[in-house]
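These notes concern the structure reproduced below.
All heavy atoms count here, side chains included; hydrogens, waters and symmetry mates do not. These figures come from a predicted structure and were not determined experimentally.
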Amino acid sequence: MEYRTIDDALHGFVVSCLGGRTLPAARRIVAVDAALRRYLDTDGSEALLPDERVLVELERDLGTAEPLARLLPADRLLSLLPGFIAATPSPTAVRRARLTQVWRLVQWLRSRDLLDVGEHAEDIARIREALAAVRISRYR
């Protein structure tokens with residue numbers, strides 16, 4: 001499958017994650033996906049370039065559902081993930097679940113050549129640091 005947009009990539013990722021999962025795990029996966037999509041739809045446009053922001057707002061005015069995810073190419077997703085992580089409450093089980101799933105998403109994007117690791121090294125490092133911090137806080 002070709003993953004052209006963020007929406008395509010998120011659908012592909014969720015489908016790949018659901019195989020063989022227990023019902024509680026599947027619910028967590030779907031819940032994190034819904035939270036990420038909500039974040040992209042409400043706050044994600046703050047991280048966009050001015051031209052992209054205008055296009056997303058025009059699509060939103062036309063009633064397009066999830067315009068950012070449907071319009072932006074899949075390779076832009078990684079740059080939006082640190083904002084999603086920052087908007088996640090801490091330290092909670094929800095944060096742990098979201099960070100774990102975001103890390104799996106990063107690995108999935110890498111395995112499909114949907115991101116340039118060198119270009120996104122700083123974003124990847126921030127996600128790793130946040131994941132390490134939430135894992136450490138679990139044991140305090």
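- Ion pairing of Asp123 with Arg126 is present here, as a side-chain N (NZ or NE/NH1/NH2) and a carboxylate O approach within less than 4.0 Å.
- Following chains of ILVMFWY side-chain contacts shorter than 4.5 Å, one can reach Val117 starting from Leu105, so the two form part of one hydrophobic cluster.
- Around CZ of Arg27, the count of heavy atoms belonging to other residues, nucleotides or ligands within 6.0 Å does not exceed 12.
- With Cys17 as reference, Ile29 is the one residue of Ile29, Val30, Asp33 to meet the side-chain contact (heavy atoms from CB on, under 4.5 Å) rule.
- Counting heavy atoms from C-beta outward, Leu99 and Thr88 have side chains that stay 4.5 Å or more apart.
- Annotation: side chain of Val94 is not in contact with side chain of Val32 (no heavy-atom distance under 4.5 Å).
- In terms of heavy-atom proximity, Leu80 sits nearest to Gly44 at CD2-O, 3.7 Å.
- Side-chain contact between Ile85 and Arg98: absent, with no pair of heavy atoms (C-beta onward) separated by less than 4.5 Å.
- One finds the CD atom of Glu129 at 11.0 Å from the CG atom of Leu131 (value rounded to the nearest 0.5 Å).
- Judged by distance alone, the side chain of Asp43 and the main-chain N or O of Tyr39 form no donor-acceptor pair under 3.5 Å.
- In this structure, Glu2 CD and Leu114 CG are separated by 9.5 Å, a value rounded to the nearest 0.5 Å.
- A donor-acceptor pair under 3.5 Å is absent between the side-chain atoms of Arg21 and the main chain of Ala26, judged by distance alone.
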Set out, in order, the CA-CA distance, both residues' side-chain angles and the distance that settles side-chain contact (heavy atoms from CB on, under 4.5 Å) for Trp103 and Trp108, then state yes or no. CA-CA 9 Å; Trp103 184 246; Trp108 185 87; over 6 Å; no

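- Contacts of Pro24 classified as side-chain contact (heavy atoms from CB on, under 4.5 Å), with partners at least two apart in sequence or in another chain: Thr22, Arg28.
- Leu18 and Phe13 fall within the same hydrophobic cluster, where Ile, Leu, Val, Met, Phe, Trp and Tyr residues are linked whenever their side-chain heavy atoms come under 4.5 Å apart, directly or through other members.
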Step-by-step side-chain contact (heavy atoms from CB on, under 4.5 Å) determination, Leu40 to Ile6: CA-CA 10 Å; Leu40 292 173; Ile6 289 175; 4.0 Å; yes

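- Taking CG of Leu109 as the start and CG of Asp116 as the end, the distance is 12.5 Å to the nearest 0.5 Å.
- Taking 4.5 Å as the limit, some side-chain heavy atom of Leu81 sits within range of a side-chain heavy atom of Leu78.
- How far CZ of Arg104 is from OG of Ser16: 10.5 Å, rounded to the nearest 0.5 Å.
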List the atom pairs, donor and acceptor, that lie under 3.5 Å between side-chain atoms in residues 63-77 and the rest of the protein, sequence neighbours left out.
from, atom 1, to, atom 2, distance (Å)
Thr64, OG1, Glu59, O, 3.2
Thr64, OG1, Glu59, OE1, 2.8
Glu66, OE1, Arg37, NH1, 2.7
Arg70, NE, Ala65, O, 2.8
Arg76, NH1, Glu52, OE1, 2.6
Arg76, NH1, Glu52, OE2, 2.4

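- Comment: Glu57 engages Arg60 in a salt bridge, judged by a side-chain N to carboxylate O separation of less than 4.0 angstrom.
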